[in-house]
Amino acid sequence: MEGWKMAFANPDQAVTYTLKYGADLKQEHERKMLEASKPLVSPDNKPLGWMDVAVWQQMHRLLRESGFLKKDVDVSLAFRVDYIPQNAK
């Protein structure tokens, strides 16, 4: 989570660092990828890293219906958020 915080606070530095690890990476694309990651890593203005069991259950249904998952999974066992401070952002 600290890495995400640093990347969002210093996007130019994060992109420059990322470009060092791939000869085919493009600065503009990586910047857009970083921006697109924000709502995924911090949805609905929740603390960074927050996850919602309802969203996981919806994704589970999608994956089952499309055949990507062959059997049901208890998504409540797939993640935890108890380590995230409730007031952190």
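All values below were derived from every heavy atom in this structure, side-chain atoms included, with hydrogens, water molecules and symmetry-related copies excluded. Fair warning: this is a prediction, and the values are worked out from it, not measured in the lab. For this chain, numbers begin at 1 and follow the sequence in order.
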- Check whether any side-chain heavy atom of Glu30 lies under 4.5 Å from a side-chain heavy atom of Gln27, and answer yes or no. no
- Item | Flag side-chain contact, heavy atom, 4.5 Å: Leu25 against His29 | no
- Query: Is the backbone N or O of Pro39 less than 3.5 Å from a side-chain atom of Ser42, with the two atoms forming a donor-acceptor pair by type?
  - Reply: no
- Query: Which heavy atom of Leu34 sits nearest a heavy atom of Ala7, and at what distance?
  - Reply: CD2-O, 3.7 Å
- Nearest non-hydrogen partners of Arg64 and Lys71, listed with the distance: NH1-N, 3.3 Å
- In plain terms, say whether Arg31 and Glu28 are close enough for a salt bridge, that is, a side-chain N and a carboxylate O under 4.0 Å apart. no
- Are more than 12 heavy atoms from other residues, nucleotides or ligands located less than 6.0 Å from atom CD of Gln57? yes
Quick check for you: to the nearest 0.5 Å, what is the distance between [X] atom [atom1] and [Y] atom [atom2]?
| X | Y | atom1 | atom2 | result |
| --- | --- | --- | --- | --- |
| Phe8 | Ser37 | CZ | OG | 5.5 Å |
| Asp52 | Gln58 | CG | CD | 10.0 Å |
| Lys5 | Asn10 | NZ | CG | 13.5 Å |

- Task: Apply the side chain to side chain contact (heavy atoms under 4.5 Å, CB included) test between His60 and each candidate in Val53, Leu69, Asp74, Val55; give the one that qualifies.
- Result: Leu69
